[in-house]
Amino acid sequence: MSGATRRGALGLLLGAPLLSACAGVQQSLSQFSNPFSSSSPPPAQPAGPPQQATTAGTGGVKVAVILPLSAAGNAGLAAQSMRNAAEMALAEFQNPNIQLLIKDDNGTPQGAQAGAQQAVEEGAEIILGPLFAQSVPAVAQVARTRNISVIAFSTDSSIAGRGVYLLSFLPESDVNRIIEYSASIGKRSVAVLVPDNAYGNVVEAAVKAAVPRRGGRVVAFERYGADRATPARTVAQQLGSADALFIADDGDAVVAVADAMTAAGANLRNIQLLGTGLWDNPRVYASQNLQGGLYAAPDPAGFRAFSGRYRTKYGAEPIRTATLAYDAVALVAALARTQGTTRFSADVLTNPSGFAGIDGLFRFRADGTNERGLAVMKVTTGGGVAVAGSPKSFGA
């Protein structure tokens, strides 16, 4: 990519162009964006010793970055990838006037609170992170005493709130986009299968709000646990009055549910299958029962471009959610350049026009959750194929 193209794409100014596709391989979104896989730390493993705080950049606007850098296992690896992405955004942005104050929270609320306290005492004007849901309230407590905003990376929307914004892949955006699209192609009678867990709870609330809002109706709704056969039989018996079947799960689980539906006598070729971004998984693409299914997800071109540059710089693959850290840093750099003393205020951060990031448009809502401009992808044996692109702007 040319320097001029990259500069234009990285500004994240309102309406900024998105990145064009470069060579690279898309990773599976479902590996890293299950909304409850990164909401709490992994099972107790010994974490490493906390890493020393470091800085990146020399600008006058100080920005805290709080990540579980010394946490055990995948959490620490994810944090390192996100840190690399944050520093990459700083390097690629033209003359940013920001300095990153990078703090290791050790994967604990206590560590996150200590890192936030240290950062605000050093003059941080906004906090990016933490990653784990249970650490966000501890950071928010510190931030609110100084009246500064937090842009966290957790995917648990229950912890969003006044001054605490989530820059993550939330299932509500997936549900709204795929239900909107299915209604636009005349599929308004929806049968729904969701897992009996926290993710299923969030999807249930979203789908039961989205379907009637688009003039449709939920004709069957079932939850499933380890036993998928019984709920599958119940829904299969009601498919005659449905023209779409929404299954909210990822990888092996969604394949198993589709197989259970087929075993219960459902002909999935005669109904439009719908899913969330967790369907972006090789197991889904390999399933004969899921061919032609539609799901909402970021346009993969942005991540391909990003991962190509990341590989060149670091000699490794980024985790899928590394783009969140990149976009957060690029956003605050752009706001520091253009928005003067109100740069990180609620009015600026919740601008309804939103911002253009690696994964497309996004905007923060006043309640701290976000909305993303997603593409609609179709399941094929060769992978996901876009059937409707990401929107170029948000509606009102």
Side-chain angles (χ1 to χ4, degrees), residues 1-20 55-66 82 85-102 119-120 122-129 143 146-153 162-168 298 302 305-306 309 322-366 368-373 390-396:
M1 299 174 74
S2 72
T5 302
R6 197 156 53 233
R7 283 195 297 275
L10 301 180
L12 270 91
L13 302 176
L14 303 184
L18 302 184
L19 289 161
S20 59
T55 62
T58 56
V61 178
K62 293 184 177 180
V63 175
V65 179
I66 299 177
M82 294 178 81
E87 294 183 357
M88 186 168 125
L90 195 66
E92 292 185 345
F93 197 93
Q94 279 301 99
N95 303 314
N97 185 32
I98 63 172
Q99 181 182 44
L100 303 182
L101 310 177
I102 301 170
V120 297
E122 292 168 7
E125 295 184 30
I126 190 169
I127 297 172
L128 309 182
R146 303 293 183 104
N147 198 30
I148 65 177
S149 296
V150 176
I151 297 177
F153 304 125
R162 179 176 58 87
V164 178
Y165 303 96
L166 301 184
L167 181 58
S168 47
F306 165 80
R309 301 197 318 281
T323 55
L324 304 179
Y326 185 103
D327 282 351
V329 170
L331 173 61
V332 297
L335 297 180
R337 174 178 294 170
T338 61
Q339 301 301 311
T341 57
T342 63
R343 48 190 165 244
F344 306 136
S345 67
D347 283 351
V348 169
L349 290 174
T350 60
N351 187 308
S353 297
F355 311 97
I358 296 288
D359 293 302
L361 293 179
F362 66 91
R363 63 180 173 185
F364 297 116
R365 297 185 181 279
T369 61
N370 72 59
E371 180 181 356
R372 288 186 173 272
S390 303
K392 298 293 182 270
S393 64
F394 284 112

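Nothing here was measured: the structure is a model prediction, and the numbers come from that model.
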### Query
Do any pairs count as a salt bridge (charged side-chain N to carboxylate O under 4.0 Å, His left out) and have a residue in residues 338-358, sequence neighbours left out, and if so which ones?
E125-R343
Nearest 0.5 angstrom please: [X] [atom1] to [Y] [atom2], how far?
{"X": "I66", "Y": "F153", "atom1": "CD1", "atom2": "CZ", "value": "10.0 Å"}
{"X": "T58", "Y": "N95", "atom1": "OG1", "atom2": "CG", "value": "9.5 Å"}
{"X": "L361", "Y": "N370", "atom1": "CG", "atom2": "CG", "value": "12.0 Å"}
{"X": "L128", "Y": "L100", "atom1": "CG", "atom2": "CG", "value": "7.5 Å"}

List for me each residue that meets side-chain contact (heavy atoms from CB on, under 4.5 Å) alongside [X], sequence neighbours excluded, and say none if there are none.
{"X": "T55", "result": "Q99, L101"}
{"X": "E87", "result": "A56, R83, I102, Y314"}
{"X": "A322", "result": "S81, A85, F306, P318, I319"}
{"X": "S149", "result": "I126, Y165, L349"}

#### Entry: For R365, all residues meeting salt bridge (charged side-chain N to carboxylate O under 4.0 Å, His left out), sequence neighbours excluded
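Only E371 meet the salt bridge (charged side-chain N to carboxylate O under 4.0 Å, His left out) criterion with R365.
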#### Entry: Closest contact, heavy atoms only, Y326 versus E92
OH-OE1, 2.6 Å
### Task
Check V61 against A336 and note the closest heavy-atom contact, atom names and distance.
CG2-CB, 4.2 Å
### Message
I'd like to check the side chain to side chain donor-acceptor pair (under 3.5 Å) partners of E122; sequence neighbours left out, ordered by chain and number.
### Response
K103
